[in-house]
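Written below as structure tokens is the structure these notes are about.
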There are 2 protein chains.
Amino acid sequence: MTTRPGPRERLLDAARELTYSQGVHVGVDAILKQADVARRSLYQHFGSKDGLVAEVLRSDGALDGYRRVMDDAGDDPRDRVLAVFDELDVITTRPSFHGCRYTAAELALTDSGHPAHAEVRAFKEGLHRLLTAELARHGHRDPEGGADQLLVLIDGVLAHAVTRPGARPALAARALAEVVLASQS
Amino acid sequence: MTTRPGPRERLLDAARELTYSQGVHVGVDAILKQADVARRSLYQHFGSKDGLVAEVLRSDGALDGYRRVMDDAGDDPRDRVLAVFDELDVITTRPSFHGCRYTAAELALTDSGHPAHAEVRAFKEGLHRLLTAELARHGHRDPEGGADQLLVLIDGVLAHAVTRPGARPALAARALAEVVLASQS
DNA sequence: TAGTAGACAGAACGGTTGGTCTACTGTCAG
DNA sequence: CTGACAGTAGACCAACCGTTCTGTCTACTA
């Protein structure tokens with residue numbers, strides 16, 4: 001029998017799932033019930049619901065996901081970047097897809113003091129660095145500007161896929177990503 | 001003295017402002033207070049809060065905004081489409097900008113039965129038609145596919161501007177829009 | 001064996017949510 | 001004048017919100 005993860009892990013897993021499927025406004029009760037954890041443990045480990053939400057974003061590992069997709073695509077920077085859009089097509093056509101967790105959190109939490117905002121920004125900044133490095137390795141004329149364009153395409157795919165189901169925006173974006181990659185120095 | 005708009009109009013105006021600045025989860029009380037309207041009037045005119053939110057989206061006139069921006073840009077389809085991205089740069093750099101109202105509503109309302117979803121879809125569909133017609137007039141090789149790409153760029157700009165302030169994504173997207181426009185038949 | 005730390009259950013806190021209800025007021029047509 | 005109607009004011013409801021509390025049980029450690 002596998003040892004059951006501790007309350008902290010169970011709390012994070014349940015919150016990760018529920019804040020995505022139901023939005024960040026899920027009740028604490030629902031999270032506690034799914035995690036099968038005492039009310040007090042939440043406040044002992046994370047201080048507040050806001051703290052839990054922020055920790056879910058921080059520990060999400062989405063950046064590692066992008067890295068893995070690119071590593072699986074081989075060495076050519078062109079293939080590596082385009083693989084991201086192939087993966088986006090897979091992700092956005094899954095029935096369980098409900099949009100980008102970070103964008104959703106950013107839009108839903110209108111309180112500018114919420115600790116989740118810092119995590120969202122850190123993630124996007126990290127993704128920008130990742131793409132900049134890739135374009136630089138590819139000999140792009142303006143790696144930072146190119147990464148801006150790729151990021152707009154990625155965010156666009158994730159946002160568009162929610163509002164126009166069946167549109168396959170990742171395919172449309174992939175063609176534009178090829179254009180970005182063609183800007184050699 | 002100008003005649004004060006009726007309760008219905010005041011309710012819509014207040015809801016439009018508050019659901020944008022505070023998110024769709026603002027309380028009914030806050031809307032009623034700002035509209036200076038009796039509680040009962042809300043339910044008499046819109047049936048429920050959900051109905052009010054949906055009506056806000058339906059009557060928003062954002063599509064007319066896009067039309068006006070394009071009409072102000074003259075006759076050349078190329079200028080008309082690029083003007084949209086110039087306008088997006090203005091909008092997204094305003095301090096009051098908090099993202100696309102439709103995307104935010106779509107992500108925040110996880111209940112798939114909410115009447116607002118239909119309005120969001122109708123808006124995006126209308127914008128797609130608008131852009132398709134413009135590209136067709138421009139002699140684009142694949143107006144529908146091109147409109148898909150433009151829509152990804154627009155959604156990308158609106159989403160990205162929220163999560164990476166100061167990035168001016170509209171400028172990055174404008175360059176890609178020029179590429180879309182270059183696909184002549 | 002006693003002490004301690006962590007996890008548990010569950011009641012209760014004050015506050016807010018969306019929604020319903022009654023009662024009063026003004027207006028305007030017949 | 002009268003009745004209908006739209007609006008206002010405010011009490012009220014059950015449900016839920018995040019949070020804090022008391023108290024019990026278990027496992028490890030000194």
Side-chain angles (χ1 to χ4, degrees), chain A residues 1-57 104-105 108-117 119, chain B residues 1-57 104-105 108-117 119:
Chain A
M1 167 186 164
T2 62
T3 57
R4 195 190 193 195
R8 195 190 130 94
E9 287 309 309
R10 278 180 282 151
L11 230 18
L12 274 177
D13 288 345
R16 201 182 317 283
E17 181 178 332
L18 289 177
T19 57
Y20 184 67
S21 62
Q22 314 269 359
V24 287
H25 284 102
V26 238
V28 166
D29 288 344
I31 298 175
L32 293 174
K33 187 177 176 186
Q34 170 148 339
D36 190 25
V37 146
R39 208 168 195 77
R40 180 159 196 175
S41 302
L42 190 160
Y43 295 94
Q44 210 149 346
H45 282 293
F46 302 100
S48 67
K49 184 201 173 186
D50 288 357
L52 173 59
V53 169
E55 183 61 20
V56 163
L57 294 180
L109 303 172
T110 47
D111 167 22
S112 63
H114 197 289
H117 291 302
E119 303 301 334
Chain B
M1 166 188 167
T2 61
T3 56
R4 193 192 195 195
R8 196 190 129 93
E9 286 310 308
R10 278 180 283 152
L11 231 17
L12 274 176
D13 289 344
R16 201 182 317 282
E17 181 179 331
L18 289 176
T19 56
Y20 185 67
S21 62
Q22 314 269 358
V24 287
H25 285 101
V26 237
V28 166
D29 286 344
I31 298 175
L32 294 174
K33 188 178 176 186
Q34 169 148 338
D36 191 25
V37 147
R39 203 170 192 74
R40 178 160 197 177
S41 302
L42 191 159
Y43 294 93
Q44 207 148 345
H45 282 292
F46 302 99
S48 67
K49 184 200 172 187
D50 288 357
L52 173 59
V53 168
E55 182 62 19
V56 163
L57 293 180
L109 303 172
T110 46
D111 168 22
S112 63
H114 197 290
H117 291 302
E119 304 301 334

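Being a predicted model, the structure only gives us computed values, none of them experimental. All values below were derived from every heavy atom in this structure, side-chain atoms included, with hydrogens, water molecules and symmetry-related copies excluded. Per chain, numbering begins at 1; letters A, B, ... match sequence-line order.
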- Note on the structure: Rounded to whole Å, the NE2-P distance (A:H45 to D:dT20) equals 16 Å
- Message: For the CD atom of B:E119 and the CG atom of B:L57, what is their distance to the nearest 0.5 Å?
- Response: 6.5 Å
- Taking CZ from A:R40 and C1' from C:dA11, how many angstroms apart are they, rounded to a whole number? 14 Å
- Item | Between D:dG18 (P) and A:I31 (CD1): distance, integer Å | 8 Å
- Query: Does A:R39 make a side-chain donor-acceptor contact with the base of D:dT19, cut-off 3.5 Å?
  - Reply: yes
- Query: Over how many whole Å does the gap from B:K33 atom NZ to D:dT8 atom C1' extend?
  - Reply: 17 Å
- Item | Student check: side-chain heavy atoms of A:Y43 and A:V28 closer than 4.5 Å | yes
- Query: Are the side chains of A:Y20 and A:V56 in touch, meaning some heavy atoms are under 4.5 Å apart?
  - Reply: no
- Would you classify B:R8 as touching base, sugar-phosphate or nothing, given that sugar-phosphate means primed atoms plus P, OP1 and OP2, and contacts are heavy atoms under 4.0 Å? nothing
- Name the closest nucleotide to the B:D29 side chain, picking from C:dC8, C:dT17, D:dT19. C:dT17
- Task: Provide, to the nearest angstrom, the distance between the OH atom belonging to A:Y43 and the P atom belonging to D:dC17.
- Result: 11 Å
- Query: Taking atom CG of B:L11 and atom CD of B:Q44, what is their separation to the nearest 0.5 Å?
  - Reply: 11.5 Å
- Query: Pick the nucleotide of DNA chain D nearest each of A:G27 and B:P7; which residue has the one closer to the 5' end?
  - Reply: B:P7
- Task: Working to the nearest 0.5 Å, report the span between CG of A:L42 and CZ of A:R40.
- Result: 12.5 Å
- Would you say B:S41 reaches D:dA6's phosphate, i.e. side-chain N/O to OP1/OP2 under 4.0 Å? no
- Query: Mapping A:L42 and B:V37 onto DNA chain D by nearest heavy atom, which one lands closer to the 5' end?
  - Reply: B:V37
- Query: How is B:H25 classified with respect to the nucleic acid when contacts are heavy atoms under 4.0 Å: base, sugar-phosphate, or nothing?
  - Reply: nothing
- Item | For atom CG of B:L32 and atom P of C:dG19, their distance in whole Å | 11 Å
- Message: How many whole angstroms separate atom CG of B:L11 from atom P of C:dG18?
- Response: 13 Å
- Query: When rounded to the nearest 0.5 angstrom, what is the spacing between CD in B:Q34 and CZ in B:R10?
  - Reply: 12.0 Å
- Taking the side chain as every heavy atom from C-beta outward, state whether B:D29 and B:K33 have any pair of such atoms under 4.5 Å apart. no
- Message: Within residues 47-57 of chain B, which residues have any heavy atom lying less than 4.0 Å from an atom of DNA chain C?
- Response: B:S48, B:K49
- Task: Can you tell me the distance, in whole Å, between the CD atom of B:Q22 and the P atom of C:dT17?
- Result: 11 Å
